[in-house]
Amino acid sequence: MTHQWPAPAKLNLFLSIIGRRSDGYHFLQTLFQFLDYGDTLIITPTSGGRIRLLTPISGVAEEDNLIMHAAQRLQRYCWALEDPKAPGADISLEKVLPIGGGLGGGSSNAATVLVALNAQWDCWLDLDTLAQLGLTLGADVPVFVHGKAAFAEGVGEKLTPAEPAEKWYLIAVPPVSIATPQIFGDPELKRDSPPRSLAQLFTAPFNDCEPIVRKHFFTVEQHLSWLLEYAPARLTGTGACVFAEFDTEAAVRHVLSQTPAWMHSFVARGVNVSPLHRALLGWRKALLWTQS
């Protein structure tokens, strides 16, 4: 049965870089929160084992697409190679999240595929197993799989559930795509922030990637400077998107109405339980109802 699944965006409410491993990965402290806004995946299980992405993403080859990698990884984990009983899937993507925007679009897409196909294919893997599969696709995938706001440490894989305030955000989308390796590879990036507790980091939230991004991408600097006139604002992830936080929907929509013509932006609410997991709960309830 065909079903629609959300692939929500995330924000890094702060991002502190406390060290670097010999393999180039960085030790981080960051806080992930989901948004009630994101891509949508439409998935139809099929027989015969073939997995098809019906809506290719411009500029992303199918062999590099995390949606395909996630589906194939789950299929190989649950069924032996060339097993004639292995299911397939037709997958379509309605994409609204920018590529290279720091909102986690690719990782969220991959997590949604893992969680949705685990349900639709009757794999019955637990979330920890799905998160381990997801980690092989990207450091941010596990937080989307688990579906709860989290304080992340290590290279992003050590997750502690958190309950930040569910504020309203104005997210600005500069017209540039920023590759994560470009920022993490910059020799001027600050890599020696002291490890701090979640409470300490909340007192002065900051993103250590922000100075580098603002220096090299004038359009990000321009967007962030405009937002800072109205509310606390900062970069998410390695950018390019920036966000300002508000206590009420009325306040954020008032500022949205004043955004200049050159700024593309949208309003979303921060949520501590992923829309994907709310959808999964609804899917399971509907399935039980049809079977009763």
Side-chain angles (χ1 to χ4, degrees), residues 8-21 25-38 101-105 107-108 111 115 127-128 130-132 134-135 138-171 180 183-184 189-214 224 227-228 231-239 241-248 251-252 268-278:
K10 60 82 178 169
L11 292 178
N12 295 86
L13 299 186
F14 55 74
L15 197 163
S16 182
I17 303 174
I18 63 175
R20 189 180 192 181
R21 299 195 322 196
Y25 281 90
H26 289 73
F27 293 113
L28 311 172
Q29 289 186 304
T30 189
L31 180 60
F32 291 107
Q33 188 179 51
F34 305 104
L35 297 178
D36 61 354
Y37 178 91
L103 297 175
S107 295
S108 186
V115 170
L127 290 180
D128 287 338
L130 290 178
Q132 286 300 313
L135 186 59
D140 286 354
V141 178
V143 72
F144 286 104
V145 168
H146 282 292
K148 293 182 179 179
F151 180 43
E153 299 178 278
V155 296
E157 86 288 3
K158 298 177 182 177
L159 302 174
T160 303
E163 293 285 338
E166 294 183 325
K167 295 197 173 186
W168 288 89
Y169 298 104
L170 177 59
I171 295 95
T180 297
I183 304 306
F184 278 124
L189 179 67
K190 180 177 175 60
R191 298 180 171 89
D192 59 354
S193 289
R196 286 166 286 178
S197 68
L198 178 58
Q200 289 172 322
L201 287 161
F202 251 135
T203 61
F206 187 71
N207 185 331
D208 282 341
C209 297
E210 188 176 303
I212 298 299
V213 174
R214 295 180 76 165
L224 192 52
L227 287 178
L228 283 167
R234 52 197 173 276
L235 187 78
T236 178
T238 54
C241 293
V242 296
F243 64 96
E245 62 182 51
F246 299 83
D247 291 329
T248 67
V252 69
R269 182 146 195 201
V271 291
N272 293 332
V273 176
S274 169
L276 170 62
H277 281 259
R278 296 189 187 277

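None of the values given here were measured: they were computed from a predicted structure. Side-chain atoms are counted along with the backbone in the values below, which use heavy atoms only and exclude waters and symmetry mates.
Judged by distance alone, with hydrogens and angles left aside, the side-chain atoms of Glu245 form no donor-acceptor pair with the main-chain N or O of Ala231 at under 3.5 Å. Put simply, the side chain of His26 never gets that close to the backbone of Gly154: no donor and acceptor are under 3.5 Å apart. Judged purely by atom type and a 3.5 angstrom limit, Ser193 has no side-chain atom pairing as donor or acceptor with the backbone of Ile18. Checked by atom type and distance alone, the side chain of Arg191 pairs as donor or acceptor with a backbone atom of Phe184 at under 3.5 Å. No donor-acceptor pair closer than 3.5 Å links the side chain of Thr30 to the backbone N or O of Ala152. Glu210 places no side-chain N or O within donor-acceptor distance of the main-chain N or O of Asn207, the cut-off being under 3.5 Å. No donor-acceptor pair under 3.5 Å is formed between the side chain of Asn272 and the backbone N or O of Gln33.
Of the listed residues (Lys190, Glu153, Gln29, Gln200), just one forms a side chain to side chain contact (heavy atoms under 4.5 Å, CB included) with Ser16, and that residue is Gln29.
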- Task: For the pair Phe243 and Asn12, evaluate side-chain contact (heavy atoms from CB on, under 4.5 Å) and give the outcome as yes or no after the intermediate values.
- Result: CA-CA 10 Å; Phe243 64 96; Asn12 295 86; over 6 Å; no
Note to self: What verdict does the side-chain contact (heavy atoms from CB on, under 4.5 Å) test give for Arg21 and Val155, after you've listed the backbone C-alpha separation in whole Å, the side-chain angles of each residue and the deciding distance to 0.1 Å?
What the structure shows: CA-CA 9 Å; Arg21 299 195 322 196; Val155 296; 3.8 Å; yes
Is there a side-chain contact (heavy atoms from CB on, under 4.5 Å) between Leu31 and Phe202? Walk through the geometry before answering.
CA-CA 9 Å; Leu31 180 60; Phe202 251 135; 3.2 Å; yes
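How far CG of Asp208 is from CG of Leu28: 9.5 Å, rounded to the nearest 0.5 Å. Rounded to the nearest 0.5 angstrom, Leu224 CG and Cys241 SG are separated by 12.0 Å. Note that CZ of Phe151 is 5.5 Å distant from CG of Leu201, once rounded to the nearest 0.5 Å. Atom-to-atom distance recorded for Tyr169:OH and Asp36:CG is 11.0 Å, nearest 0.5 angstrom.
Contact annotation: the side chain of Pro164 never approaches that of Phe14 to less than 4.5 Å [non-hydrogen atoms, C-beta and beyond]. Within the 4.5 Å cutoff, the side chain of Lys167 has heavy atoms near those of the Asp247 side chain. Looking only at side-chain heavy atoms (C-beta outward), Arg20 and Phe27 stay at 4.5 Å or farther from each other. Residues Phe32 and Asp140 have side chains in contact (heavy-atom distance under 4.5 Å, counting atoms from C-beta outward). Counting heavy atoms from C-beta on, the side chains of Ser107 and Val141 come closer than 4.5 Å. No side-chain heavy atom of Leu276 sits less than 4.5 Å from a side-chain heavy atom of Phe34. Residues Leu198 and Thr160 form no side-chain contact, since every pair of their non-hydrogen atoms from C-beta on lies 4.5 Å or further apart. Side-chain contact between Leu103 and Thr236: present, with at least one pair of heavy atoms (C-beta onward) separated by less than 4.5 Å.
For the residue pair Glu166 and Gly270, the shortest heavy atom distance occurs at CB-O, 3.1 Å. Nearest heavy-atom pair across Cys209 and Ile17 is SG-CD1, 4.1 Å. Asp128 approaches His146 most closely through the heavy-atom pair OD1-CE1, 3.1 Å. Closest heavy-atom contact between Ser108 and Pro8: OG-O, 2.7 Å.
Counted within 6.0 Å of CZ on Arg196, heavy atoms from surrounding residues, nucleotides or ligands total more than 12; the atom is thus considered enclosed.
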